[in-house]
S.K.: 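Got a structure here, written out as structure tokens. Questions coming.
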Amino acid sequence: MKFALQHPREQLVTIMQRIYSYEMTTTSGGNLSILEENGDMWITPAGVDKGTLRSDDIVCVAADGTVRGVHRPSSEYPFHRAIYERRPDIRAIVHAHPPALVSFSIIRQIPNTRMLPQAHAVCGTVGYAPYALPGSEELGQVIARTFAQGLDVVLLENHGVAAGGADLLGAFQRFETLDFCARTIIQASILGPVRPLTDEQIAQFECCRTALPEFDPITHSSRERELRQEICRIVRRAYDQRLMTSTEGTASARTGETSFLITPFGVDRKYLEIEDLVLVENGRRERGKAPSRAAHLHLTIYRDHPEIGSIISAQSPSSTAYSVTRKKLDTRTIPESYLVLRDIPLIPYGQQFGDGQPISDVLSRRTPVILIQNDAILATGATLAQAFDRLEVAEFSARALIDTTALGPMVPIGDKELEELEARFLV
Ligand SMILES: [Zn+2]
């Protein structure tokens, strides 16, 4: 069912379950609300287990303060009301205390979203609200003052984060993206300093979208329909494994010599449906649909590499830690990593834009995976399953390497052993 058509009660339960199941809140922490046109505010209750929340637990507080429902509204209701009063364009709020954002809130630093252009586009500039007593009018005022500056996400000192949006999904996406940034920066800091992007580099991302011409598909082959299902399954799985976020992650699969299916722009990766996917044929897109920003890059890769049947790119946190510190990901860890990934080159930021020709030129049978500075890891394969496996193996390798830092220096597989592996498995 389309999320926007669900009753506010259902939307709040769905998003709270999502936040709880991805370990971004505890049983007692966090609260969400939606404001209706008539001033009614639907809000999560106080003192109810967030892991088992049901739609009849949700409370409605009318504009005159009348409460309808079987529970009391969240104790943090005053700051929700204060934000809505100062920002009429905000109609939904997500607040919680996910561990990575708490880490930033207790060192009193804002996670830098400028390390990834996608994250910066989703969150914008992040605000900072000084500490005040939970549930107090004063806390409401300090948070609302920060939102009143036009900011949509605010880090709360020694507390957590609050994110607003025109709807609940928009607020959740900002919250989730900032949490992703915090988790990634924590991993990256083990490797070295995070390299933020300049204003010019961020502007490059914003202006890189040129629309492909449109066409009307006459038929949809069985193979195409099968691939639509496969792509949806893989993308939802990548989301569940936290290899993708709701707004980031691209997958495509070849349907013919000059055609492929690709994920759309702006559709939540968790709720991706087969009709959302965009067919691209002879450089034209299915009428009325917007493909991922990377459609041009995928077009170039499929044209240049007939052996490639699928491409997946994602900002999985450990691989992204390498990307934002611009460090080389050494695949000489275990035979599986070396055989599946081979050597992973680090591509300079900017080459992914336009037609992506420099990236296509780097890919080969010996180089099926690349890492793009301050962007994503891009994995190719003969099939969707192979591209996805490479994405997973890269993430596992990156995570193992980062964890190794706490234990001692890594000892790579030696040159002689690598030659032996090549001779045995890669001829
Ligand atoms: Zn709180």
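Just so it is clear, the model here is predicted, and its values are computed rather than measured. These numbers come from the heavy atoms of this one structure, side chains and all, not from hydrogens, waters or symmetry mates. Both ligands and their constituent atoms are indexed starting at 1 by order of listing.
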S.K.: Ignoring hydrogens and angles, write down the donor-acceptor pairs under 3.5 Å from the side chains of residues 51-58, residues two or more places apart or on other chains.
M.R.:
from, atom 1, to, atom 2, distance (Å)
Arg54, NE, Asp56, OD1, 3.4
Arg54, NH2, Asp56, OD1, 3.4
Arg54, NH2, Asp56, OD2, 2.9
Asp57, OD1, His71, NE2, 2.9
Asp57, OD2, Arg54, N, 2.9

S.K.: Could you tell me which residues satisfy ring pair (Phe, Tyr, Trp, His ring centres under 6.0 Å) with Phe260, sequence neighbours excluded, listed by chain and number?
M.R.: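 Residues passing ring pair (Phe, Tyr, Trp, His ring centres under 6.0 Å) with Phe260: Tyr302.
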S.K.: If you measure from the Lys or Arg side-chain nitrogens to the Asp or Glu carboxylate oxygens, is any gap between Asp330 and Arg332 under 4.0 Å?
M.R.: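 Looking at Arg332 together with Asp330, the answer is yes, because their closest N to O distance falls below 4.0 Å.
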S.K.: List, one per line, each side-chain donor-acceptor pair under 3.5 Å for residues 184-193, sequence neighbours excluded.
M.R.:
from, atom 1, to, atom 2, distance (Å)
Thr184, OG1, Phe180, O, 2.8
Gln187, OE1, Ser318, OG, 2.5
Ser189, OG, Ile185, O, 2.7

S.K.: Check for me: within less than 2.8 Å of the Zn ion (ligand 1), which protein N/O/S atoms show up?
M.R.: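 Hits for the Zn ion (ligand 1) below 2.8 Å: Glu76 OE1, Glu76 OE2, His95 NE2, His97 NE2, His159 NE2.
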S.K.: What I'd like to find out is whether the side chain of Leu261 reaches to under 4.5 Å of the side chain of Glu224, using heavy atoms alone.
M.R.: yes
S.K.: Are Phe79 and Phe147 packed together at the side-chain level, in the sense that at least one heavy-atom pair is separated by less than 4.5 angstrom?
M.R.: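 The answer is no, as the side chains (C-beta and beyond) never meet within the 4.5 Å cut-off.
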